[in-house]
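Quick note: numbers below take in every heavy atom, side chains included, and nothing from hydrogens, waters or symmetry partners. Counting starts at 1 for both ligands and their atoms, following the listed order. Since we're looking at a predicted model, the values are computed, not measured.
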Amino acid sequence: MKTRITELLDIQFPIIQGGMAWVAEHHLAAAVSDAGGLGIIGAGGAPAEFVREQIRKVKEVTDKPFGVNLMLMNPEADAIAQVIIEEGVKVVTTGAGNPAKYTEMWKEAGVKVIPVVASVAMAKMMERAGADAVVAEGMESGGHIGAQTTMCLVPQVVDAVQIPVIAAGGIADGRGMAAAFMLGAEAVQMGTRFIVCRESVVHANYKNKILKAKDIDSEVTGTSHGHPVRQLRNNMTREYLKLEKEGASFEELEKLTLGALRKAVVDGDTINGTLMAGQIAGLVKKEQTCKEMIEEIMCEAMELLKGKE
Ligand code: TUI
């Protein structure tokens, strides 16, 4: 399948792996890129030199294009923005903020810039700043989210900008991909389904929570202080939401979540860890290799989209 995104990124399939903090490390990124999608290293809150090592490890095992996601709240964001250039990374996606201050230097270095946006206004601003494409991410997604749904956001962004749009949020199979294409998207970004893939180093306890999740099993914490985060319901979310309801301060709530994503991903602590996942977790029922997953999704989507162009 050819779209402006497959051409822009020189990839076989218009499937991009979300830049999930802790989850999107070098094994996963390399496996997705090797399978013909775009693998992404998620910088999350990691130090710049750690990100450099991750980039080098992907380059050691694959010649295929891959990207880095810069989470803009990372205190080392400036340094990571430089590392991306120094290491010759071809594609950068950004999340949780406005990457305007980096776009010029990335463009000059020939890096393709794809900000994740959660509104039409942000998409237009990113296009003006020189972005090559945008990811329009709905609030069905896991992790840090905006307020619009994928179904409403994607077609409005598609109408508002000339650059190609990648849909994200609530997509985990060929039906979701086909639906996104009907809304005008030219690729999809998926996170939750990739968490459970065989090459993902995420602890088995976390994977099992996703595999067993139902439609209603995610919860959004942090709305009261403007940092909404979607994750699977557990002791941590119950405690967090209770404190939030009682009017706890941002600092108090932060204390509760400090290191909690690592606890979930690395230690498999499903009780007090942060199990970031999208609403689509209820649809994710099996562990597969990235190649099996991508090929299955592509077959389903192509079948549904046949004759639609
Ligand atoms: O960034 C994400 N998802 C994330 S980042 C993350 S790391 C984290 N860890 C612990 C607590 C909180 C975060 C986990 N998940 N998705 C992309 C995304 N970006 N979603 C929404 C946005 C966004 C929101 C507002 C992008 C731009 C924006 O505009 C802000 C501005 O400055 O105008």
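With a 4.0 Å cut-off on non-hydrogen atoms, Met122 touches ligand 1 through its side chain and not its backbone. In Met276, the part holding a heavy atom less than 4.0 Å from any atom of ligand 1 is the side chain.
Using a 4.0 Å cut-off between a side-chain N of Lys or Arg and a carboxylate O of Asp or Glu, Lys107 and Asp132 qualify as a salt bridge. At a threshold of 4.0 Å, the pair Glu87-Arg56 counts as salt-bridged, since one of the basic side-chain nitrogens sits closer than that to a carboxylate oxygen.
Using 4.0 Å as the threshold, Gly97 has a heavy atom nearer than that to some atom of ligand 1.
Of the candidates Glu254, Met126, His144, His144 brings a heavy atom nearest to atom 21 (C) of ligand 1.
For atom 25 (C) of ligand 1, no protein heavy-atom neighbour is found at a distance under 4.0 Å.
Closest to atom 13 (C) of ligand 1, if we only count protein heavy atoms, is Met73 CE, 4.0 Å. The nearest heavy-atom contact from the protein to atom 5 (S) of ligand 1 is Met71 CG, 3.6 Å. Atom 16 (N) of ligand 1 has as its closest protein heavy atom Glu137 OE2, 3.2 Å. The protein atom (non-hydrogen) at minimum distance from atom 22 (C) of ligand 1 is Ala96 N, 3.8 Å. For atom 11 (C) of ligand 1, the nearest non-hydrogen atom of the protein is Val229 CG2, 4.1 Å. The nearest heavy-atom contact from the protein to atom 17 (C) of ligand 1 is Val116 CG1, 3.2 Å.
When each atom of ligand 1 is checked for a heavy atom of Asn98 under 4.0 Å away, the hits are 32 (O). Less than 4.0 angstrom separates some heavy atom of Gly143 from each of these atoms of ligand 1: 14 (C), 15 (N).
More than 12 heavy atoms of other residues, nucleotides or ligands lie within 6.0 Å of NZ in Lys285, so this atom counts as buried by the packing criterion.
Nearest heavy atoms, Gly39 versus Gln17: CA-OE1, 3.3 Å.
The aromatic rings of His227 and His144 are tilted relative to each other, their planes meeting at an angle between 30° and 60°.
For the pair Met298 and Pro14, the minimum side-chain heavy-atom distance is below 4.5 Å.
Through chains of ILVMFWY side-chain contacts below 4.5 Å, Leu283 is grouped with Ile280.
Legend: residues meeting side-chain hydrogen bond (donor to acceptor under 3.5 Å, both in side chains) with Glu140, ordered by chain and number and at least two apart, are Thr150.
Atom-to-atom distance recorded for Ser119:OG and Lys124:NZ is 10.0 Å, nearest 0.5 angstrom.
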